[in-house]
Amino acid sequence: MTPAIIAFIVVLLIGAPVAVVMAISGVAGVYSLGGERLVGIIADRMFSGVSGYMLIAVPYFIFTAELMNQGGLTQKLIAFNNALFGRIRGALSHVNVTVSLFFAGLTGAAITDTVAIGKIMIPEMKKQGYDAEYAAAITACSSIIGPIIPPSVVMVVYATLLRDISVIDLFAGGIIPGVLMTLALLITSIVLAWWRGYPKQAGTPIRVAILAFLSALPAMLVPLIILGGILSGMTTITEASGFAAVYAIFIGMVFYRNLTPHKIWLALVTTVKFSGVVFFLLATSAVLGWFVTRSGIARDAAELITTISDVPFIQIMLVCLLLIVLGTVMDVLPALVVIGPVVVPAMVSLGFDPLHFAIVMIVTLNIANVTPPVGMTLMTAARIAEVPYERAIVSSLPFYGAFIAVVVMLALFPSLSTWIPSLLD
């Protein structure tokens, strides 16, 4: 175990990509267990890590999201949500949150949400008198709803990596936590808008609101088509993701008429790049995961947790703290593939429901995605807003408080994560 830990720390400190870190530390760990006779298993583990049929859904989901981005969906969703909140103080702040809720079913990745929505909302919020750092903070914090509301690339990767629960249960389990995150942000946004005196907008006539809804409706049907097909059992996840991509092309070219062959090509290029990163991570994590299982690290982690406390709530919050710390220096997917094979078996052995802990883990890692010093989504939003990162961090603090409240609720009440999946059994 020691050679793997040393290799992991050294390669990480020299700045190598996370996938390379996992590959090298996994090889070192495998070699330490059985020498040259076990090295041959590395190629087999890497292949098995990316050979699952369900993983075909990953590039399809990414492609669908990129098609909708290129097809101008964001503007349609913003117009519709603006019609809903126009008369309320701080309307654009609330629109920022609700657009992320609708957009979440199309992206499944926080950074995509931040860029697509932030480039439109942040300049408009600044123009109407919102603080630039506040505009960056609300955009970044609302974007993490994306990987929690299904369909979610993170959930597909989790199900493939750990294989203790189905991706269908993960999708269903993420619905209530995603809505809770949205409500927590909305409440915080309303309070801050009233406290700071942010502007109202003119009310939208009913006719204009109906037209905005009808214009956005074809796009909003994408997540319903995906989830409806999957949860009803009519389609597999892979089939639903493929149909969603075809549907996205159809409405982009026929209904919205602004999805050109060149934009489809750009969406394909982005899909290939992002998919390559995901699959490389999965391949290398399979080696490290095999080593973790054989070496007993998960068992040792469980024993360490029990020595600190035997109270389940304290145990899960300690793990959440660890996830936050790890997530502050790593993106969500790399953090998941590094820590997942260690903590998930440990927590299951302590009696935690696998689905409950999976949702808590996914939510916590996404919160870490807007937590400094890295916080890629917050950093990206700060760049769009042209404001120092430190000021964006300060403006994000009230939203962090709302997030922590949601995590505590999810930890205390497992049924928030397991109730909807139980209805599907």
Side-chain angles (χ1 to χ4, degrees), residues 54 57 101 104-105 108 144-185 223-224 226-237 240 298 301-302 305-306 309-324 332 336 339-368 402-425:
M54 183 175 61
L101 175 64
I144 68 172
I145 298 171
I148 300 169
I149 294 283
S152 166
V153 172
V154 175
M155 290 179 178
V156 175
V157 171
Y158 186 104
T160 304
L161 179 67
L162 296 161
R163 302 183 182 182
D164 54 346
I165 49 179
S166 71
V167 71
I168 296 177
D169 285 341
L170 284 173
F171 279 7
I175 295 174
I176 292 179
V179 172
L180 287 176
M181 297 281 282
T182 305
L183 291 176
L185 286 175
L224 294 179
I226 296 173
L227 289 180
I230 294 171
L231 299 182
S232 66
M234 295 177 62
T235 64
T236 65
I237 292 172
I305 293 172
T306 55
S309 175
D310 58 357
V311 179
F313 175 72
I314 296 178
Q315 291 174 340
I316 196 170
M317 293 311 294
L318 285 173
V319 174
C320 286
L321 179 61
L322 172 64
L323 295 173
I324 289 287
V332 176
L336 175 64
I339 198 68
V342 177
V343 300
V344 173
M347 298 302 284
V348 171
S349 69
L350 292 177
F352 288 89
D353 181 89
L355 177 58
H356 171 223
F357 180 72
I359 297 299
V360 172
M361 182 175 184
I362 290 171
V363 170
T364 305
L365 283 176
N366 277 284
I367 293 173
F403 288 151
I404 297 303
V406 172
V407 171
V408 170
M409 288 178 62
L410 294 177
L412 285 173
F413 305 106
S415 59
L416 294 173
S417 305
T418 60
W419 178 63
I420 293 182
S422 70
L423 299 179
L424 303 177
D425 294 337

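This is a predicted model, so every value here is computed, not measured. Sequence positions, counted from 1, serve as the residue numbers for this chain.
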Which atom pair, heavy atoms only, marks the closest approach of Ile362 to Pro147? CG2-O, 4.0 Å

Tell me, yes or no, whether the heavy-atom count around Phe313 atom CZ, taken from other residues, nucleotides or ligands under 6.0 Å, exceeds 12. yes

Quick one: pull up OG1 in Thr236 and CD1 in Ile168 and give me the separation to the nearest 0.5 Å. 8.5 Å

4.5 Å side-chain heavy-atom contact, Val363 and Phe403: no

Pair Val344-Tyr158, side-chain contact (heavy atoms from CB on, under 4.5 Å): steps then yes or no: CA-CA 11 Å; Val344 173; Tyr158 186 104; 3.3 Å; yes

Does any part of the side chain of Val319, heavy atoms only, come nearer than 4.5 Å to the side chain of Phe357, both counted from C-beta? yes

Just verifying a value: how many Å separate Ile176 CD1 and Thr418 OG1, rounded to the nearest 0.5 Å? 8.5 Å

Under 3.5 Å: donor-acceptor pair, side chain of His356, backbone of Leu410: yes

Is the shortest side-chain heavy-atom distance between Met181 and Ile149 below 4.5 Å? no

Closest heavy-atom contact between Pro177 and Ser417? CG-OG, 4.2 Å

Answer whether the closest heavy-atom distance between the side chains of Pro414 and Asp353 falls below 4.5 Å. no

Between atom CE of Met347 and atom CE of Met361, what is the distance when rounded to the nearest 0.5 Å? 10.5 Å

Quick one: does Met317's side chain get under 4.5 Å of Leu321's, heavy atoms only? no

Measure the spacing between CD1 of Ile145 and CG of Leu185 and express it to the nearest 0.5 Å. 5.0 Å

Looking at Ser166 and Asp169, would you say the former's side chain and the latter's main chain have a donor-acceptor pair under 3.5 Å? yes

In short, Ile316 meets Ala411 closest at the heavy-atom pair CG2-CB, 3.7 Å

Restricting to non-hydrogen atoms, name the atom on Ile165 and the atom on Ala159 that form the minimum distance, rounded to 0.1 Å. O-CB, 3.9 Å

4.5 Å side-chain heavy-atom contact, Val154 and Ile148: no

What's the shortest heavy-atom distance between Ile144 and Asn366, and which atoms? CG2-O, 3.4 Å

Least distance between heavy atoms, Met155 atom then Ile359 atom: CE-CD1, 4.3 Å

